[in-house]
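What follows is a set of notes on a single structure, which appears directly below.
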Amino acid sequence: LSNNIQSIGGTQQDYIQIDLSGRKVLFNGDPLPDETLPDILLKARDFAVGLTNENFKLGLSDLGEAKDLHEINHSEVRDLIEKNTGKLPEELSPENDIKQLGEDEK
């Protein structure tokens, strides 16, 4: 996503803002750190980002449109999770923090 945003003149800060806006939609305002996301939510985020990236291939070239589309993709993935699990993304149990797991092995 970062490369696609930069390809239309966006900056790293634009990427951070667009990514954060999608994450906020997925988690209803308060994004969780990737390190604690259960596998299904990591895949959900990846899928939503992939959908946005596909639109760049189709000619998406405006940062505002990219942000809006990224939020829509995350919203639709959020709805799919709720429909299929009966839970909202923020209600799914977090995994052990990946960073913490690495420190426990030391």
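Reckoned from all heavy atoms, side chains included, excluding hydrogens, waters and symmetry mates. For the single chain, residues carry numbers from 1 onward in sequence order.
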Nearest non-hydrogen partners of Gly22 and Glu71, listed with the distance: N-CG, 4.3 Å
Rounding to 0.5 Å, atoms CG (Asn28) and CZ (Arg23) come to a distance of 14.5 Å
If I compare all heavy atoms of Ile18 with all of Ile5, which pair ends up nearest, and what's the gap? CD1-CD1, 3.7 Å
Would Leu37 and Phe47 show up in the same hydrophobic cluster when neighbours are defined by side-chain heavy atoms closer than 4.5 Å? yes
Report yes or no: does Ser75 contribute a side-chain atom to a donor-acceptor pair with the main-chain N or O of Ile72 at less than 3.5 Å? no
Which residue, Leu60, Leu51, Val25, Leu1, forms the side-chain contact (heavy atoms from CB on, under 4.5 Å) with His70? Leu1
All heavy atoms of Ala44 vs all of Val77, minimum pair found to be CB-CG1, 3.5 Å
Would you be so kind as to tabulate the donor-acceptor pairs closer than 3.5 Å made by side chains of residues 81-89, with sequence neighbours excluded?
unit_1: Asn84; atom_1: ND2; unit_2: Leu80; atom_2: O; d: 2.9
unit_1: Thr85; atom_1: OG1; unit_2: Ile81; atom_2: O; d: 2.7
unit_1: Thr85; atom_1: OG1; unit_2: Lys87; atom_2: N; d: 3.1
unit_1: Thr85; atom_1: OG1; unit_2: Lys87; atom_2: O; d: 3.1

Closest contact, heavy atoms only, Asp14 versus Thr11: OD2-N, 2.8 Å
Can you tell me how far NZ of Lys43 sits from CG of Asp46, rounded to the nearest 0.5 angstrom? 9.5 Å
Any ion pair linking Arg78 and Glu90 (charged N to carboxylate O, less than 4.0 Å)? yes
Do you know which two heavy atoms are closest between Pro94 and Pro38, and how far apart they sit? CA-CD, 4.2 Å
Close side-chain approach of Lys24 and Leu20, heavy atoms under 4.5 Å: yes
Heavy-atom check, side chain of Phe27 versus side chain of Arg45, under 4.5 Å: yes
Between OG1 of Thr36 and CG of Leu42, what distance do you get to the nearest 0.5 Å? 8.5 Å
Cluster link Leu32 to Ile16, ILVMFWY, side chain under 4.5 Å: no
Is a donor from one side chain sitting under 3.5 angstrom from an acceptor on the other, for Gln12 and Ser2? yes
Could you measure the distance from the CG atom of Leu41 to the CG atom of Leu26? Nearest 0.5 Å is fine. 6.5 Å
Between Asn55 and Thr52, does any side-chain donor sit less than 3.5 Å from a side-chain acceptor? no
